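Before any comments, here is the structure.
Owing to the predicted nature of the structure, the values given are computational and were not obtained by experimental measurement. Every chain is numbered from 1 and lettered A, B, ... according to where its sequence line falls, protein lines coming before strand lines.
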Amino acid sequence: MAEAMQERRTDYGPPHYEQFLPPVVKENYGKWKYHEIVKPGVMVHVSESGAELYTVRAASGRLISIDKIRMYCDLADKYCDGYVRFTSRHNIEFLTPKKENVDPLIKDLKDMGHPVGGIGNAISAIVHTQGWVHCHSAATDASGVVKAVMDDLIEYFEERKLPGKLRIALACCLNMCGAVHCSDIAILGIHRRPPRIDHANLKKVCEIPNLSASCPTAAIRPAEVEGHPSVEVLEEQCMFCANCYTVCPAMPLADPLNDGVSIWVGGKVSNARHEPMFSKLAIPFLPNNPPRWPEVTEAVRNLVELWAKNAKKYERMGEWIERIGWPKFFKMSGIEFEKVHIDDFKHAGLTFKRSTHLTF
Amino acid sequence: MAEAMQERRTDYGPPHYEQFLPPVVKENYGKWKYHEIVKPGVMVHVSESGAELYTVRAASGRLISIDKIRMYCDLADKYCDGYVRFTSRHNIEFLTPKKENVDPLIKDLKDMGHPVGGIGNAISAIVHTQGWVHCHSAATDASGVVKAVMDDLIEYFEERKLPGKLRIALACCLNMCGAVHCSDIAILGIHRRPPRIDHANLKKVCEIPNLSASCPTAAIRPAEVEGHPSVEVLEEQCMFCANCYTVCPAMPLADPLNDGVSIWVGGKVSNARHEPMFSKLAIPFLPNNPPRWPEVTEAVRNLVELWAKNAKKYERMGEWIERIGWPKFFKMSGIEFEKVHIDDFKHAGLTFKRSTHLTF
Amino acid sequence: MADKLPNTPKLDELEKGKWPSFVKEIKMAAKKSPMCADLLGQLEKSYTEKVGYWKHGGIVGVMGYGGGVIGRYSALPKEFPNVSHFHTMRVNQPAGWYYNTEALRKICDIWEKHGSGITNLHGSTGDLVLLGTRTEELEPIFDELQKINFDIGGSGSDVRTPSCCCGQSRCEWACYDTMAACHDFTMEYQDELHRPAFPYKFKFKFSGCPNDCVASIARSDMSLIGTWRDSIQQDDAEVKAYVDGGLDIEEDVISRCPGKCMAWDGKKLEIDNSFCRRCMHCINVMPKALRPGKDRGATILLGSKAPIVEGALLSSVLIPFIKMEAPYQELKDIIERIWDVWSEEGKNRERVGEFIQRVGMGNFLEAIEVEPVAEMVAHPRENPYIFYEEFFEEDDDEEGDKG
Amino acid sequence: MADKLPNTPKLDELEKGKWPSFVKEIKMAAKKSPMCADLLGQLEKSYTEKVGYWKHGGIVGVMGYGGGVIGRYSALPKEFPNVSHFHTMRVNQPAGWYYNTEALRKICDIWEKHGSGITNLHGSTGDLVLLGTRTEELEPIFDELQKINFDIGGSGSDVRTPSCCCGQSRCEWACYDTMAACHDFTMEYQDELHRPAFPYKFKFKFSGCPNDCVASIARSDMSLIGTWRDSIQQDDAEVKAYVDGGLDIEEDVISRCPGKCMAWDGKKLEIDNSFCRRCMHCINVMPKALRPGKDRGATILLGSKAPIVEGALLSSVLIPFIKMEAPYQELKDIIERIWDVWSEEGKNRERVGEFIQRVGMGNFLEAIEVEPVAEMVAHPRENPYIFYEEFFEEDDDEEGDKG
Ligand code: SRM
Ligand code: SRM
Ligand code: SRM
Ligand code: SRM
Ligand code: SF4
Ligand code: SF4
Ligand code: SF4
Ligand code: SF4
Ligand code: SF4
Ligand code: SF4
Ligand code: SF4
Ligand code: SF4
């Protein structure tokens with residue numbers, strides 16, 4: 001065993017990126033001068049040297065099979081000298097200095113079922129997470145909702161007819177692996193039923209003091225239940241964050257009747273114009289309605305189109321709402337404003353309207 | 001005694017204001033159409049009926065003697081049919097429909113030592129509090145600092161040469177009776193030494209549990225000291241709010257060496273343009289240097305003039321700083337940025353700079 | 001008595017300069033009042049030693065009232081015996097701080113007889129403050145005040161003396177009658193004003209428009225700020241006159257509009273009133289050309305206060321728009337419910353703004369039976385920590401509503 | 001194996017539509033992998049019952065590493081035995097997510113042999129995620145990865161796999177070499193990446209300019225965002241060309257500038273660079289005419305994270321500007337000190353952003369020996385609750401400094 005360890009390398013890190021750069025990129029590294037969007041999903045970067053680099057961006061499902069990767073490789077070999085990259089939103093990008101390759105490549109991609117687009121004032125892929133495909137914590141599926149929503153919004157991926165960029169993200173639980181907290185539109189899986197406690201096994205799989213401490217609202221108290229040392233949950237103090245479940249598997253929250261999806265709007269990450277912003281609650285709850293989550297796709301489309309129709313050029317969702325004010329947003333979107341929209345967490349007071357700047 | 005109570009009236013409230021309104025006001029009540037500033041300290045309001053009402057605003061020290069009030073009354077009788085009013089910033093206003101009365105009135109006021117001004121884009125009187133004249137809690141004097149500062153800034157009261165309104169307020173302790181928390185420039189008396197405990201008398205004059213509970217940082221603990229049931233203060237947890245002193249006189253904080261004045265900037269109350277804002281810490285500490293507090297008067301003048309020179313028209317202090325950013329404000333004012341400027345209270349995290357919007 | 005004045009070299013410095021001198025005022029009063037002479041002495045000592053010499057006040061007051069007097073005692077009664085007692089009396093000012101000289105002179109006479117002869121016109125809550133008297137003078141003063149129909153103001157955990165801007169009496173922008181409302185509320189709540197029964201103080205301030213000339217949004221538990229619901233009244237000829245007169249309308253008006261809802265084409269000003277935030281700026285700059293709309297009322301906000309001890313607060317919107325017409329019944333009903341809930345569940349020394357933050361605005365609204373509306377928040381919640389109060393059980397109808 | 005695919009009417013619905021279908025992908029893999037067939041079966045059940053069927057993972061991994069594998073087990077192992085184990089392996093992607101087809105094909109081969117044949121390209125932290133394998137396959141997989149020089153990424157309370165935007169490789173705006181820095185930091189912190197020793201996870205993300213194309217300000221404990229200190233590079237002829245080409249420069253550029261520092265006189269664009277906030281907007285709109293300045297580096301920010309459990313955070317400024325040149329020693333020294341302080345005093349599961357809020361930024365800066373500067377705050381404190389650490393004693397020199 002000790003021997004095995006010795007011949008085994010560790011901590012050698014990822015391969016150096018340089019070997020993966022197309023020659024034109026290597027030659028013009030750090031020398032790019034400007035770019036132009038040529039058409040949907042295609043841009044050209046021009047170097048100080050005059051060299052040109054065409055980028056074709058195609059949708060990828062993110063959850064992809066090795067055979068699909070091999071198909072990508074075939075295309076990359078055919079058009080891009082064997083190089084390919086992926087983006088921070090999980091699209092695939094084909095880079096080539098050869099303008100003449102662009103159209104055939106696009107054709108091949110479309111034939112494979114991979115729409116080209118997402119560049120410029122468009123909707124790009126939905127950053128998302130595991131959902132029912134892999135995570136124990138999920139309050140909704142990820143890939144399914146994303147597929148349904150993007151099928152519906154595909155025109156906004158393939159064309160550039162929006163006032164600005166619109167970023168959608170999905171996380172299947174409050175852990176927010178999809179980092180939806182700063183998205184123009186965020187789709188967030190939520191639980192709405194307190195944990196159901198597996199009293200018989202709790203003590204075996206969890207440490208009770210850690211468990212009690214994990215609850216941000218102090219809803220969990222040690223208790224002897226049915227003869228087992230366990231815990232009890234003060235249900236009216238539970239806000240379904242599932243932090244208890246993360247530290248203790250005997251506290252599951254998932255529940256078919258009460259799990260679902262909430263929609264948040266107006267976040268952004270870039271520093272362009274407005275500083276980065278968090279997304280804010282728009283629609284508190286929509287049911288899980290697989291396989292196509294029609295309530296969710298409709299809600300998202302309505303929000304996209306409301307924004308598209310009313311925002312000024314370059315105005316992201318949050319910038320638009322900030323200009324018109326939240327009361328107008330609720331009126332225009334037809335979303336009912338409810339008690340749950342009002343913050344009651346730590347800094348709640350700072351979200352109250354402390355001025356008379358109102359529209360009527 | 002019961003009889004005395006019976007013939008005695010209570011709860012009859014203040015006299016009805018109507019009896020105190022000049023006839024022109026009564027006749028045009030609710031009918032005013034517009035106003036114009038005629039010259040410093042003088043404006044005219046014009047009614048739908050065509051009637052005119054001249055207002056002359058004069059500085060008042062707020063702390064005034066009955067003989068001064070009688071002198072005011074003489075002027076009101078002479079020029080204003082026996083009516084007079086005071087403003088929300090404690091200036092005195094003489095109202096008259098007679099244009100010809102304005103100049104003689106101003107002359108009499110000036111002869112009495114009461115400058116006329118404070119209307120329009122000017123500095124008006126400093127809202128302030130009791131200080132060493134009447135309050136047990138004061139960390140500085142109120143009237144003295146105000147007198148020194150306004151003597152120095154008198155030109156900005158008597159003329160209209162500022163970009164917008166500038167409101168100064170002073171409070172002699174953190175209770176902030178002067179409501180300085182939303183002023184363009186706030187002068188705030190502060191303590192910087194933990195309470196010195198009168199152990200021998202504490203138990204007699206205060207309830208120990210209430211006292212412990214009063215401390216927002218939980219710095220006060222019951223303790224037996226020198227044989228007396230008393231309390232101890234964890235000095236490193238004390239931030240000198242004096243809330244303990246408010247509930248218990250045996251916990252005085254006043255201290256000649258450590259008391260002084262802090263300067264805050266950029267607050268506003270009106271909803272004009274920007275929503276109301278709190279003032280923010282500019283200068284953490286200036287010494288009490290009676291009778292003329294030269295460090296304070298100089299600091300305030302520098303701030304006024306920096307703003308006056310750089311702000312756009314109508315831009316209040318806080319609006320100007322928001323446009324240029326706080327780093328620039330510190331650079332331009334020469335005020336050193338220190339640890340104490342960084343919030344460490346409840347919502348501190350929300351004051352951190354969470355973007356790359358920086359100027360260099 | 002002038003010859004008896006103490007030696008006050010430091011204070012004398014403050015007789016110089018153009019701003020009215022409080023030292024001169026105290027000296028003027030000291031001619032008649034030995035209290036003021038000792039006040040000068042004690043103050044000079046403060047100026048020398050850099051510390052105050054007043055003691056915490058005990059409870060003093062007039063019979064039948066629980067507030068209105070602030071007890072104050074010198075810490076150096078031997079050295080300054082005439083200020084051994086130095087209480088202040090808060091006299092409820094008439095709405096809008098209007099007086100006639102007759103009333104003022106009478107107050108002066110009372111104060112000459114029974115007090116120090118110095119005053120604050122006014123205190124920062126708005127009272128006419130009589131500054132410095134002895135315990136035994138309190139009843140006689142109140143006796144005399146009764147005769148001239150001046151009553152006492154608030155102090156302690158009660159309704160504090162309400163105040164208001166001059167409003168319709170002199171200002172063209174007042175969207176409701178602030179003085180009438182201030183007087184009405186003051187009369188309505190005489191009992192609450194005079195007999196502390198709340199967890200802490202409760203202040204009302206009435207401003208006629210969003211300029212908020214009594215700083216009500218920063219300094220009152222309930223802020224009543226005038227506003228309008230329809231469109232700004234616009235006189236195009238006068239707009240043009242301002243521009244012709246030299247106003248840089250693009251820079252000074254349009255670019256400062258927070259609603260970004262104005263446009264100027266060189267001839268006509270267009271305001272998209274549906275996005276106007278009622279900030280007043282354009283009206284302030286062009287009072288002859290623009291005026292608040294005709295459908296007027298007030299925005300009611302709750303909860304501002306100074307920083308002790310949870311941090312300062314500005315008031316936040318409770319009612320986006322309400323007509324302000326006597327007897328203001330709808331509003332008063334809400335106020336009753338607010339006081340009930342707060343008195344019941346508020347902690348000692350917890351202002352209503354702090355109380356709302358502690359229990360949550362949603363819960364507070366439920367308790368006072370007011371519907372939540374989007375105007376109450378700057379923005380909806382950013383965190384996903386929602387307390388749903390009900391959940392479906394397995395045997396519920398799947399289609400049914402929760403709860 | 002295609003004939004063995006379970007009946008999945010619900011999932012089949014998701015094969016329709018224009019967006020790439022993950023169901024097609026799983027089915028494609030299921031042709032070779034029985035795991036994927038059972039995955040389809042279990043997923044169809046989830047789609048029917050509206051609940052997931054995965055169990056909390058135990059600790060699984062490869063020898064010598066403390067992270068990089070997420071253990072996952074089916075809750076229905078009898079029904080779906082082939083996903084009774086279904087662990088993921090996080091493979092550290094090359095900086096910028098560039099690959100050649102040779103490398104990608106090799107990974108596919110390994111995964112065909114040892115795993116489910118489905119992947120995430122990429123995970124939302126940035127790893128190449130191999131989705132679904134059995135415990136006993138982990139070592140063999142790692143064995144094969146070694147041969148092609150791919151190492152494992154992070155999980156648990158360690159440095160997480162750093163990621164970066166494409167930066168200078170393709171983007172004209174990159175103010176530093178993000179890929180070089182990302183690779184350098186990844187190599188430097190191999191030990192911290194592979195052996196959890198912190199109170200909680202620590203993420204690095206590298207963006208070349210304030211557009212922040214890897215969302216570093218929202219999703220990384222340390223955000224390194226490119227910026228510049230001097231003036232925007234401006235080509236007046238190209239500006240004019242944009243305007244002549246139909247750009248509404250007033251509305252689309254100048255009125256959107258948050259620094260309010262631009263002016264257009266019909267011929268020339270004036271930028272007062274001393275008030276420019278480096279927001280990128282004008283550059284984004286006119287890439288041929290405007291470019292970041294020449295004195296380039298990065299702003300370093302600390303502390304962003306998702307909401308669990310104190311509420312989400314964005315990163316906040318730690319170093320307003322630093323030159324980003326290898327070996328980045330000054331920055332690495334600060335990182336060491338941050339980790340020391342946080343590891344020493346951070347609570348279990350407390351991210352560094354939460355830690356800073358708990359101990360106070362001022363105290364934190366003292367501990368890591370960084371001077372406070374105004375750039376670190378959106379604004380100075382509004383509350384007057386200042387902890388002065390020293391006070392004068394009576395026998396001090398009155399003129400002396402405190403302390
Ligand atoms: C390829 C990619 C970086 C990478 O290394 O992977 C990238 C590439 C570019 N970004 Fe980006 N951005 C990429 C993710 C992002 C993200 C991160 C995200 O979406 O999670 C952001 C922040 C989003 C946000 O604010 O929520 C982002 C905010 C921007 C912006 C600012 C847009 C705004 O107005 O707020 C620009 C400027 C612009 O588009 O004018 C920009 C501009 C660009 C440019 C034009 C830069 C250049 O000259 O190469 C690139 C093509 C633009 C495009 O796609 O429209 N990129 N860009 C990422 C593509 C993701 C995708 O597949 O869609
Ligand atoms: C008399 C008084 C009300 C009263 O009933 O006592 C009053 C009267 C007027 N105010 Fe005021 N304001 C008065 C205190 C205030 C306050 C409260 C305060 O200072 O504590 C404010 C809020 C200040 C703040 O935001 O911090 C205030 C913010 C305004 C504004 C908004 C200015 C801005 O740009 O922010 C205007 C509009 C303007 O001046 O253009 C205004 C405008 C006016 C007008 C023009 C209204 C009118 O048509 O009559 C009056 C004369 C203006 C002047 O003095 O320049 N008044 N005004 C108060 C005079 C105090 C004094 O002696 O100086
Ligand atoms: C007289 C006056 C200052 C002045 O010179 O004008 C005043 C004086 C005192 N205030 Fe005040 N407050 C005065 C207006 C205010 C205001 C301003 C306002 O009402 O617009 C505030 C800020 C707004 C607010 O209500 O928050 C104010 C916030 C406080 C506080 C802090 C309350 C809080 O919740 O934060 C205290 C402390 C307390 O209540 O224990 C306080 C306590 C006090 C005490 C009673 C000191 C004490 O702890 O016992 C002071 C008595 C001084 C004395 O010896 O006369 N005073 N106090 C003002 C009342 C005069 C009047 O009736 O017209
Ligand atoms: C795989 C991945 C989602 C995905 O589909 O892409 C993921 C999956 C999980 N995340 Fe995550 N997180 C992933 C990126 C993120 C991100 C995004 C990022 O890194 O940019 C975040 C938000 C940013 C942040 O760090 O705050 C994120 C915030 C969390 C949290 C909340 C942490 C917090 O401090 O708020 C948890 C809960 C925890 O740590 O206990 C969590 C926990 C988890 C666990 C381990 C669930 C658990 O409680 O044990 C998930 C395992 C799912 C599974 O079965 O595979 N994951 N997680 C992402 C990692 C892939 C990769 O390595 O590339
Ligand atoms: S968001 Fe929640 S459910 Fe989704 S992958 Fe992350 S931890 Fe799992
Ligand atoms: S879900 Fe969150 S709030 Fe509810 S008991 Fe668990 S830890 Fe507490
Ligand atoms: S601010 Fe403080 S010291 Fe001044 S009057 Fe109010 S309570 Fe007294
Ligand atoms: S001054 Fe404030 S912080 Fe200090 S001991 Fe007293 S109550 Fe506590
Ligand atoms: S608040 Fe409005 S209505 Fe009242 S005086 Fe000021 S400007 Fe006039
Ligand atoms: S009142 Fe204010 S928001 Fe409304 S149009 Fe005028 S400037 Fe704009
Ligand atoms: S963050 Fe800036 S440098 Fe990096 S890809 Fe995006 S635009 Fe280019
Ligand atoms: S980068 Fe942003 S802040 Fe700077 S000039 Fe351009 S638009 Fe204005």
*Thr87(B) side chain to Arg89(B) main-chain N or O, any donor-acceptor pair under 3.5 Å?*
yes
_Checking Cys248(B) against Cys206(B) for the disulfide bond (SG atoms under 2.5 Å apart) test, could you report, in this order, the C-alpha distance in whole Å, the side-chain angles of both residues, the deciding distance, and whether it holds?_
CA-CA 5 Å; Cys248(B) 173; Cys206(B) 318; 1.9 Å; yes
*Among the options Ala29(C), Cys166(C), Cys165(C), pick out the one with the most heavy-atom pairs lying under 4.5 Å from chain B.*
Cys166(C)
*Which region of Asp74(B), side chain (C-beta onward) or backbone (N, CA, C, O), has a non-hydrogen atom less than 4.5 Å from a non-hydrogen atom of chain C, or is it both or neither?*
both
*If only atom types and distance count, is the side chain of Lys305(C) paired as donor or acceptor with the main-chain N or O of Ile308(C) below 3.5 Å?*
yes
*Quick one: are Cys244(B) and Leu253(B) in side-chain contact, heavy atoms under 4.5 Å?*
yes
*Quick one: what part of His181(B) sits under 4.5 Å from any heavy atom of chain C, side chain, backbone, both or neither?*
side chain
*Is there a donor-acceptor pair closer than 3.5 Å between any side-chain N or O of Ser116(C) and the backbone N or O of Ile118(C)?*
yes
*Tell me, side chain or backbone of Asp141(B) under 4.5 Å from chain C's heavy atoms, or both, or neither?*
side chain
*Indicate yes or no for a side-chain donor-acceptor contact from Lys268(B) to the backbone of Ser183(B) under 3.5 Å, with no hydrogens or angles considered.*
no
*Checking side chain to side chain donor-acceptor pair (under 3.5 Å) for the pair Lys68(B)/His114(B): CA distance, chi angles, key distance, verdict?*
CA-CA 11 Å; Lys68(B) 176 58 60 64; His114(B) 288 262; 2.8 Å; yes
*asked:* Taking side chain as everything from C-beta outward and backbone as N, CA, C, O, which of these in Cys182(B) sits under 4.5 Å from a heavy atom of chain C? Side chain, backbone, both or neither.
replied: side chain
*Please test Met150(B) against Ile126(B) for side chain to side chain contact (heavy atoms under 4.5 Å, CB included), starting from the C-alpha separation and ending with a verdict.*
CA-CA 8 Å; Met150(B) 286 308 291; Ile126(B) 298 183; 3.7 Å; yes
_Among residues at least two apart in sequence or on other chains, which ones pass side chain to side chain contact (heavy atoms under 4.5 Å, CB included) with Pro307(C)?_
Met176(B), Ala312(C), Pro384(D), Tyr385(D)
*Which of His122(C), Met280(C), Arg72(C), Arg170(C) touches chain B most, by non-hydrogen pairs under 4.5 Å*: Arg170(C)
_Proximal component of Lys312(B), with respect to chain C [non-hydrogen, under 4.5 Å]_ = both
_Toward chain C, the part of Pro252(B) with a non-hydrogen atom under 4.5 Å_ = neither
_Distance in Å, His35(B) NE2 paired with Lys33(B) NZ, rounded so as to fall on 0.5 Å steps_ = 14.5 Å
_Structural part of Arg195(C) lying under 4.5 Å from a heavy atom of chain B_ = side chain
*Part of Ser169(C) lying under 4.5 Å from any heavy atom of chain B*: both
*With a 4.5 Å cut-off on heavy-atom pairs, point out which of Asp177(C), Ile283(C), Thr161(C) contacts chain B the most.*
Asp177(C)
*Which answer fits Ala242(B), side chain, backbone, both or neither, if we ask what part of it has an atom under 4.5 Å from a heavy atom of chain C?*
neither
*Atom group of Met239(B) that falls short of 4.5 Å from chain C, counting heavy atoms*: neither
*Would you call the rings of Tyr245(B) and His136(B) parallel, tilted or perpendicular if under 30° counts as parallel and over 60° as perpendicular?*
tilted
*Please name all residues satisfying side chain to side chain contact (heavy atoms under 4.5 Å, CB included) with Pro291(B), sequence neighbours left out, ordered by chain then number.*
Lys10(C), Glu13(C), Leu14(C), Tyr47(C)
*Tell me, out of Asp109(C), Val129(C), Ile152(C), who's got the most heavy-atom pairs with chain B below 4.5 Å.*
Asp109(C)
*Below 4.5 Å from any heavy atom of chain B, which atoms of Tyr73(C) appear? Answer side chain, backbone, both or neither.*
neither
_For chain B, the option from Cys164(C), Ser21(C), Gly311(C), Ala174(C) that forms the most heavy-atom pairs under 4.5 Å_ = Ser21(C)
*asked:* Heavy-atom cut-off 4.5 Å, strictly under: side chain, backbone, both or neither for His16(B) against chain C?
replied: both
_Among Val91(C), Asn100(C), Ile70(C), Val83(C), which residue has the highest count of heavy-atom pairs closer than 4.5 Å to chain B?_
Asn100(C)
*Checking Phe345(B) against chain C: side chain, backbone, both or neither under 4.5 Å from a heavy atom?*
side chain
*Please flag which part of Leu95(B) lies under 4.5 Å from any non-hydrogen atom of chain C: side chain, backbone, both or neither.*
side chain
